[in-house]
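I have placed the structure first, in the form of structure tokens, so that the comments after it can refer back to it.
One is the number of the first residue; the rest follow in order along the sequence.
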Amino acid sequence: MSYHYLMDLALILLTTKALGIATGKFQMPRVVGSLLAGLVMGPAMLNILSETAFLSQLSELGVIVILFAAGMGTDLRELRNAGKAGFFVALCGVLVPLVMGAGFGYLAAFAGWVPEVNLLEAVFLGTVLTATSVSITVETLKELGRLDTKVGNTILAAALIDDVLGLVALTVVASLAGEGTNLLWVLAKIVFFFVFAVVAAGAGIVLFRWMISQADGKNLRRYPVLAFVICLLLSYSAEEFFGVADIIGAFVAGLIVASTPKAQYIRLKFEPLSYLLLTPVFFSNIGINVQLPELNVGLVLFSLALLATAILSKVIGCGLGAKLCGFQGMECVQVGAGMACRGEVALIVANRGLSMGILSEAMMTPIIITVVGCAVLTPLLLKAAFRNEPASKMEQSALSTPFHQAEQLEQASAKFFFSDKK
């Protein structure tokens, strides 16, 4: 048995923390530091760390816990109110990137940046751009104290619907490619999952309330364990039985816990686990997975243009959806910026297209650069969009948490280590 994974974890935690302090010095979210740590230590630069099965599985557990915590911290009434807005934001956030991505594929081929692109490949490129990765947005909004707001809840609702619409879009394109995927069966499984989620939510809430009534305020440690079991079961069921992303199952589990009297206690117990281990591993693993082949001028131009298209299409599409639902000015930009991030979902869709022979090898490098660029730029865009905004209730209540105290220590460390007056 090899114990090298211990060294990998030590390096990840050290570099993410160091770069988190450094990026904090420049008023950037610490998520950017974690992403840069993976890029610097991974094959893209120093090649000290590489992807392993252990890191991949721990990273997946990290994103599950991030969305589970987001669900626990969600105001159900606000989320319910955001349902209509979330649907229109998600719908426009899928249609606009799909059209802009397909059009961009044709323009890039016309400009000679990539080989000739047929209609199906252009549409599939647009399908890749429809995917939203909400984990980085959630962590950034939490850091900014804006997760439990009207904009934050709309982004969460839209991201959940976006996953479903993106799955439908992928199924349609795969059917056009002759893969034989049954669209009706995919839609039926999605419906079955939400029926299952409603039943599980009812059973979970009843179980929690019964345990609380029996415990009479004693043995509180059992509640976080039971909550995590529900999270893992729903995450597994979503992926294994219904073909829905595991993070949706985790978020539903968080909503179940949020409906119980012990929600705040359970959430506080999960903060150290997420902050100390799982969150740094997840974000750094995104950077570690990046392997960039040799680039030429045309490919660089194509990659930068695709990155700009990816961000603008979500900002325009989701911002338009928010505008249709009554959001004003900067709120539309905030919603669009929050939905701009791409992640593992976009890479999975791209790999699917590659294996089906729809996407060419020449497309993969720009897509990887786009995913990484969106992951790094989204926190910066969100911070800029929320600049000069008044503090939310969540931010004010978070000032006394261990997590915020740790942030204060980081800021003090940054002032010491990066000060010019030492």
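- Contact record, M339 with I155: SD-O, 3.8 Å, taken as the closest heavy-atom pair.
- For N153 (side chain) and T149 (main-chain N/O), a donor-acceptor pair under 3.5 Å exists by modelled atom type.
- Side-chain contact annotation: T132 with K314, donor-acceptor N/O pair under 3.5 Å present.
- Scored by the side-chain contact (heavy atoms from CB on, under 4.5 Å) test, A305 finds F104, W113 as partners (sequence neighbours excluded).
- A distance-only check finds a donor-acceptor pair linking the side chain of T130 to the backbone of T127 [under 3.5 Å].
- In plain terms, the two heavy atoms of S50 and I288 that are nearest each other are C-CG2, 3.6 Å.
- For the atom pair S2 OG and D8 CG, the distance stands at 8.5 Å (nearest 0.5 Å).
- Between the side chain of Q328 and the main chain of G326, a donor-acceptor pair closer than 3.5 Å is present.
- Taking 4.5 Å as the limit, every side-chain heavy atom of V65 sits out of range of all side-chain heavy atoms of F282.
- Using a 4.5 Å cut-off on side-chain heavy atoms (C-beta onward), L58 and Y5 make no contact.
- The shortest distance between side-chain heavy atoms of I367 and L306 falls below 4.5 Å.
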Run the side chain to side chain contact (heavy atoms under 4.5 Å, CB included) check on E139 and I66 step by step: do they pass?
-> CA-CA 7 Å; E139 194 65 19; I66 288 172; 4.1 Å; yes

Let me have the donor-acceptor pairs involving side chains of residues 86-103, under 3.5 Å, with sequence neighbours excluded, atom names and distances please.
none

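- Residues A197 and V252 come closest through the heavy atom pair CB-CG1, 3.9 Å.
- Separating the NZ atom in K150 from the CZ atom in F327 is a distance of 4.5 Å, to the nearest 0.5 Å.
- The aromatic ring centroids of F251 and F68 lie 6.0 Å or more from each other.
- With values rounded to the nearest 0.5 angstrom, L39 atom CG is found 12.0 Å from L49 atom CG.
- Looking at V198 and V195, their side chains never come closer than 4.5 Å, going by heavy atoms from C-beta outward.
- A ring-ring contact (aromatic ring centres under 6.0 Å, His included) with F242 is found for exactly one of F196, Y236, F194, F192, namely F196.
- Between the R387 side chain and the A385 main chain, no donor and acceptor come within less than 3.5 Å of each other.
- L11 contributes atom CG, which lies 11.0 Å from atom CG of L6 (distance to the nearest 0.5 angstrom).
- Side-chain atoms of T260 never come within 3.5 Å of backbone atoms of I256 as a donor-acceptor pair (strictly under, hydrogens ignored).
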Checking side chain to side chain contact (heavy atoms under 4.5 Å, CB included) for the pair V257/I230: CA distance, chi angles, key distance, verdict?
CA-CA 9 Å; V257 175; I230 293 174; 5.8 Å; no

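- The nearest pair of heavy atoms linking I64 to C231 is CG2-SG, 3.5 Å.
- L19 and G33 get closest at one heavy-atom pair: CB-O, 3.5 Å.
- Residues satisfying the side-chain contact (heavy atoms from CB on, under 4.5 Å) criterion with T16, sequence neighbours excluded, are I12, S34, A37, P280, S284.
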Go through L9 and V281 one step at a time and tell me if the side chain to side chain contact (heavy atoms under 4.5 Å, CB included) criterion holds. CA-CA 8 Å; L9 282 179; V281 171; 3.8 Å; yes

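- Between atom OG1 of residue T154 and atom CD of residue Q334 there is a gap of 10.5 Å, rounded to the nearest 0.5 Å.
- Although no hydrogens or angles enter the test, the distance criterion places a donor-acceptor pair under 3.5 Å between the side chain of T378 and the main chain of C374.
- For D246, there are no side chain to side chain donor-acceptor pair (under 3.5 Å) partners two or more places apart in sequence or in a different chain.
- No donor-acceptor distance shorter than 3.5 angstrom exists from the side chain of R267 to the backbone of G254, with no hydrogens or angles considered.
- When atom types are taken as modelled, the side chain of R342 and the backbone of A375 share no donor-acceptor pair closer than 3.5 angstrom.
- Heavy atoms only, all atoms of each residue included: G71 and A258 are closest at O-CB, 3.6 Å.
- A distance of 11.0 Å separates CE of M72 from CG of L67, quoted to the nearest 0.5 Å.
- The side-chain contact (heavy atoms from CB on, under 4.5 Å) check on A200 picks up L234, with sequence neighbours excluded.
- Residues that satisfy the side-chain contact (heavy atoms from CB on, under 4.5 Å) test with L107, not counting sequence neighbours, are absent from this structure.
- Taking the ring centre of F228 as origin, the terminal cationic atom of K269 falls outside the region bounded by 6.0 Å and 45° from the ring axis.
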Does the pair T140 and T137 meet the rule for a side chain to side chain contact (heavy atoms under 4.5 Å, CB included), with working shown?
-> CA-CA 5 Å; T140 304; T137 297; 5.7 Å; no

